Structures are given as C-alpha cells and as structure tokens.
Amino acid sequence: MKLEQIEQVIVVAETRSIRLAAENLFISQPNLSLSIRKLEEEIGCPLFARNNKGVELTPLGESFVEYARGIAQQLRQLQTLGASALNRGRLSLSIGNMHYRYVNHAAAQLLRDYGAQQLHLTLREGVRSQVIAMVESRQCDIGLIGMFSHYHKILLKQLETRGIQYFRLCSNPVTVIVGRGSPLFSSPLHEVEVERLWDYPIIIYNESELGPYGSVIDAVGLGGRPRRIVVSERSTLFELLDKTPCFSVTATDEIAYQNTDYYDKIRSIRMKNCQITGEIGWIKRRDMPQTNVVLDFLQILSSYYTVMNGILPL
C-alpha cells in the first residue's frame, strides 16, 4: 500500500467518479483505475461499487476513507513542520478560497496594514471540496466558500462531522454570468427569465454534478438541459463564455466586485423569480483560535460585502 494510493482513494470518494478524480490528480483514468484495483486486491475486498453514475463507497470503503483522511492529515502536518519552524515567532495567515478575485485585494490590504516584512501570507485556490479539505488538513487557517440555500443544511452537517465551523458573511441573489459571445452581454436587461436561457448551452463545474450540488440546476428551472459543458478550471469557463453564447449559474456577490474589480469580459445578470439564494461564508477548524490577523482580514473582507464604494447599498 502506497501513500499515493491513499490520496487517490480519498479523491475518488469525494468526487464519486474515477474520471473526475483522475482529472483532479492529473493522472490518466486507466492508471487510476489500475492503482485502485491493485489496492483492492491487496486489501482483499472492494472499496468502491461501480454503477452507471460513477462509484460509491462500500461499507469497507467508508471505514478505509475515514482512516485514510487521518493518515493524509498527519502526513501534511509532517510536511509543514519545517515551514512552521521557520515562521515561528512571525505572524502568519493561510487562506483558501474558491477563486474569489476580491480576496486578493483584501490580502493586499492586510499586507499593507501589517507590513509585508511582518506577515507571512499564503493564498490557495480550489473548488469547494478542495478548500474544505485544505482547512481540515490545516493547510489553511481559514477558507472562504460559497453555497446555494437549498443545500445549506446538508453542507453544514458535513462540515460539522469534519470538525469545521461555518460563519456566513453575505447572502446573494442567484445570477447568470455571460461573456461577449452571448446576446445577453449587451442586453439592457437587469434580470433574465429562465425561459430565455433554454436555447443556450450551460457551463458547469465538475463539482456541480456531484451530491446536492447538481440539484441547483433543477432548482433554478434548468434541469434536463441536454447541452452541458463541464469544466474543472475557472479560466476555462471564462474563456468559453467569452467566445460562445454559453452561460453559467452562480451567486456572485456584485457589491464585492464593484468595490474591487470584475472580469471585464464577463457580465452578471440576476435570475428573475428565483426561489433560492446564494451565500458566502468563512470556515475554520473547531480547534483553531481566532487570531487578530484573522479578525483583521475578515473585517477588510466584510467591508467589501456591505459598502459599495463607501456608500451603503440600498
């Protein structure tokens, strides 16, 4: 049994897909399947049950993953011992986030306030599951994640079982984002009906098709769309939006981006009569104390959500 096989099992369990796990691990799907099969042969029992939708953990697999996460966490802690020793006595903060551009602005302000020579700052990005894993494994002190309201309770329960606390920062309307390739980009509309989107392909992240996340497409009235484009990177999504009439569904905090800057090739339009909302919050391990550095960063970030260019939004 190799450490890389343990990591592979964890990723497959999180994605419930050999294909998506292989993409996240940057290896080929056949090689990942072979590695998992060899591990199952070594153990003597299957860890996953294959089905038409992907894979599911067997009872033994669930126990294996529970132990595997602990081993992976301890390994990451060992890997960070050297860095911790170097930074001892020096202020530090590590932040994970879901590619929120304004987080970079808040981090820059924090560095100016503390002085770049006094603060050791680490910024990491990833999809929701990756940010949660970074916080759980102590790679990041705090994480910033977004979610839709219809699976709020489910996600909070998952965080609780992993020893992670969640604190909401803001609530946002569900929006459609389009690029210059879409007729909606130059439209004077401030809201768009779901029926107007039916003629265009929708772009979604890998994670959007997993667990409760996939239901957001149904919740906004776009379920059963035959033309779906699945991507794993934000840069790919934005490039496709710029060059095609595709759209994507998100819960972008417009105030935060107007306070900092937004992608000039992307436009956000609110979805009309949508019954769900989005929200953004920050997470930390239950046993991690709230330091002054964390509180100062969150204060900067919160100002982006509540004040638009120095004026409270109506």
Side-chain angles (χ1 to χ4, degrees), residues 7 10-11 14 24 66 68-147 152 155-171 207 234 253 256-257 259-260 278-306:
E7 292 280 5
I10 294 173
V11 176
E14 290 176 346
N24 291 343
E66 183 177 349
R69 285 196 172 114
I71 293 172
Q73 178 181 326
Q74 291 174 356
L75 177 61
R76 294 189 186 101
Q77 288 176 302
L78 287 173
Q79 292 171 335
T80 59
L81 280 178
S84 298
L86 289 174
N87 293 320
R88 190 170 294 125
R90 184 181 181 186
L91 291 174
S92 66
L93 177 62
S94 54
I95 305 165
N97 77 94
M98 294 172 58
H99 302 275
Y100 299 136
R101 192 169 181 174
Y102 51 80
V103 169
N104 298 331
H105 290 258
Q109 181 61 55
L110 189 71
L111 283 172
R112 288 194 293 270
D113 292 345
Y114 275 83
Q117 300 301 320
Q118 303 299 321
L119 178 64
H120 180 75
L121 187 63
T122 303
L123 298 173
R124 302 180 187 272
E125 295 181 323
V127 296
R128 183 186 301 101
S129 61
Q130 292 171 327
V131 174
I132 293 172
M134 291 174 194
V135 172
E136 182 182 23
S137 64
R138 302 181 191 274
Q139 291 184 75
C140 291
D141 299 316
I142 63 172
L144 295 159
I145 60 173
M147 70 177 80
H152 181 273
L155 185 55
L156 289 190
K157 185 64 176 177
Q158 293 175 349
L159 293 175
E160 182 181 352
T161 60
R162 297 171 74 168
I164 296 175
Q165 295 175 306
Y166 172 84
F167 307 89
R168 186 170 67 175
L169 288 169
C170 67
S171 181
E207 191 179 32
R234 176 163 296 223
D253 189 277
Y257 277 112
N259 272 318
T260 52
E279 65 179 70
I280 295 172
W282 70 281
I283 59 175
K284 74 175 188 69
R285 286 183 57 90
R286 189 179 294 112
D287 58 2
M288 193 208 85
Q290 293 189 31
T291 64
N292 288 334
V293 178
V294 170
L295 294 176
D296 288 341
F297 172 76
L298 292 173
Q299 185 175 6
I300 295 170
L301 199 66
S302 296
S303 70
Y304 294 165
Y305 297 128
T306 56

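Being a predicted model, the structure only gives us computed values, none of them experimental.
- Residue Gln290 qualifies as enclosed at atom CD: its count of foreign heavy atoms under 6.0 Å is above 12.
- For the atom pair CD1 of Ile283 and CD1 of Ile145, the computed distance is 4.5 Å after rounding to the nearest 0.5 Å.
- Note that CD of Glu279 and CG of Leu155 are 9.0 Å apart. Values are rounded to the nearest 0.5 Å.
- You'll find the side chain of Met147 stays beyond 4.5 Å of the side chain of Met98, heavy atoms only.
- Residues Tyr304 and Tyr102 approach most closely at CE1-O, 3.6 Å, considering heavy atoms.
- Residues Leu93 and Val294 are in side-chain contact: their nearest non-hydrogen atoms beyond the backbone lie under 4.5 Å apart.
- Qualifying side-chain contact (heavy atoms from CB on, under 4.5 Å) partners for Glu160, counting only residues two or more places apart in sequence or in other chains: Lys157, Arg286.
- Lys284 has its side chain out of reach of Tyr166: every pair of non-hydrogen atoms, C-beta onward, lies at least 4.5 Å apart.
- Of the inter-residue distances, the one linking Leu121 atom CG with Ser92 atom OG reads 9.5 Å to the nearest 0.5 angstrom.
- Side-chain contact between Met134 and Ile132: absent, with no pair of heavy atoms (C-beta onward) separated by less than 4.5 Å.
- Between Cys140 and Arg124 the shortest heavy-atom distance is SG-CD, 3.6 Å.
- By the side-chain hydrogen bond (donor to acceptor under 3.5 Å, both in side chains) test, Asp287 is found to be paired with Arg138, Arg285, residues two or more places apart in sequence or in another chain being considered.
- In this structure, the side-chain hydrogen bond (donor to acceptor under 3.5 Å, both in side chains) partners of Asp113, at least two apart in sequence or on a different chain, are Gln109.
- Screening residues 127-146 for ring-ring contact (aromatic ring centres under 6.0 Å, His included) gives no qualifying pairs among residues at least two apart or on separate chains.
- Distance check, rounded to the nearest 0.5 Å: CG of Leu169 to CG of Leu144 gives 6.5 Å.
- A search for side-chain hydrogen bond (donor to acceptor under 3.5 Å, both in side chains) contacts involving Arg162 returns Glu136, not counting sequence neighbours.
- Using the six-membered ring where Trp is involved, Trp282 and Phe167 have ring planes that are parallel, under 30° apart on the 30 and 60° scheme.
- Applying the side-chain contact (heavy atoms from CB on, under 4.5 Å) criterion to Glu125, with sequence neighbours excluded, gives Asn97, His99.
- Between the side chain of Thr161 and the main chain of Gln158, a donor-acceptor pair closer than 3.5 Å is present.
- Residues Asp141 and Val293 form no side-chain contact, since every pair of their non-hydrogen atoms from C-beta on lies 4.5 Å or further apart.
- A 4.5 Å side-chain heavy-atom check between Ile300 and Phe297 finds every atom pair outside the cut-off.
- Rounded to the nearest 0.5 angstrom, Ser137 OG and Gln130 CD are separated by 11.5 Å.
- To the nearest 0.5 Å, the span separating CD1 on Ile142 from CD on Gln165 amounts to 13.0 Å.
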